[in-house]
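Presented below is the structure to which this report refers.
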Amino acid sequence: MSAHTHGRSHSQASSGSVEIRLPWWSVALPALAFVVLLALMADSGGAHAAAGDPVVGPVLEQIRLTLAR
């Protein structure tokens with residue numbers, strides 16, 4: 001018994017694009033993790049190992065420079 005293969009329809013073959021649908025959490029979880037880590041860096045002033053240098057300013061400046069490119 002042979003299996004039938006399904007070829008591309010003409011509309012998909014001509015457009016050449018692939019549609020990928022991601023679940024909502026595949027975008028939300030990395031964004032939430034980024035916000036939590038940024039908040040932890042911002043609240044590091046009470047840490048004993050902190051040298052008194054603000055860390056958030058240079059990090060935010062680097063993010064701004066990276067996004068400006």
Side-chain angles (χ1 to χ4, degrees):
M1 189 188 304
S2 62
H4 296 287
T5 59
H6 298 286
R8 290 186 187 178
S9 67
H10 294 292
S11 63
Q12 288 177 343
S14 63
S15 67
S17 65
V18 176
E19 183 178 335
I20 299 174
R21 291 186 168 224
L22 297 174
W24 64 269
W25 50 264
S26 65
V27 176
L29 287 180
L32 180 66
F34 177 77
V35 169
V36 168
L37 289 174
L38 193 61
L40 286 173
M41 286 176 46
D43 195 32
S44 67
H48 297 289
D53 296 331
V55 177
V56 178
V59 171
L60 291 177
E61 180 66 19
Q62 186 63 38
I63 292 171
R64 187 187 67 79
L65 291 174
T66 302
L67 292 177
R69 291 184 190 180

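Evaluation of the salt bridge (Lys or Arg N to Asp or Glu O under 4.0 Å) test over residues 26-36, restricted to residues two or more places apart or in two chains, returns none. Applying the salt bridge (Lys or Arg N to Asp or Glu O under 4.0 Å) test to residues at least two apart or on different chains, the pairs with a partner in residues 19-33 are Glu19-Arg21. Within the structure, every pair that satisfies the side chain to side chain donor-acceptor pair (under 3.5 Å) test and touches residues 56-65, not counting sequence neighbours, is listed here: Glu61-Arg64.
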Show me the donor-acceptor pairs within less than 3.5 Å that the side chains of residues 23-30 make with the rest of the protein, sequence neighbours left out.
{"residue": "Ser26", "atom": "OG", "partner": "Pro23", "partner atom": "O", "Å": "2.7"}

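Not counting sequence neighbours, Val35 has no partner by the side-chain contact (heavy atoms from CB on, under 4.5 Å) test. Residues passing the side-chain contact (heavy atoms from CB on, under 4.5 Å) test with Ile20, sequence neighbours excluded: Val18, Leu22.
Leu65 and Leu60 end up in different hydrophobic clusters when Ile, Leu, Val, Met, Phe, Trp and Tyr side chains are linked at under 4.5 Å.
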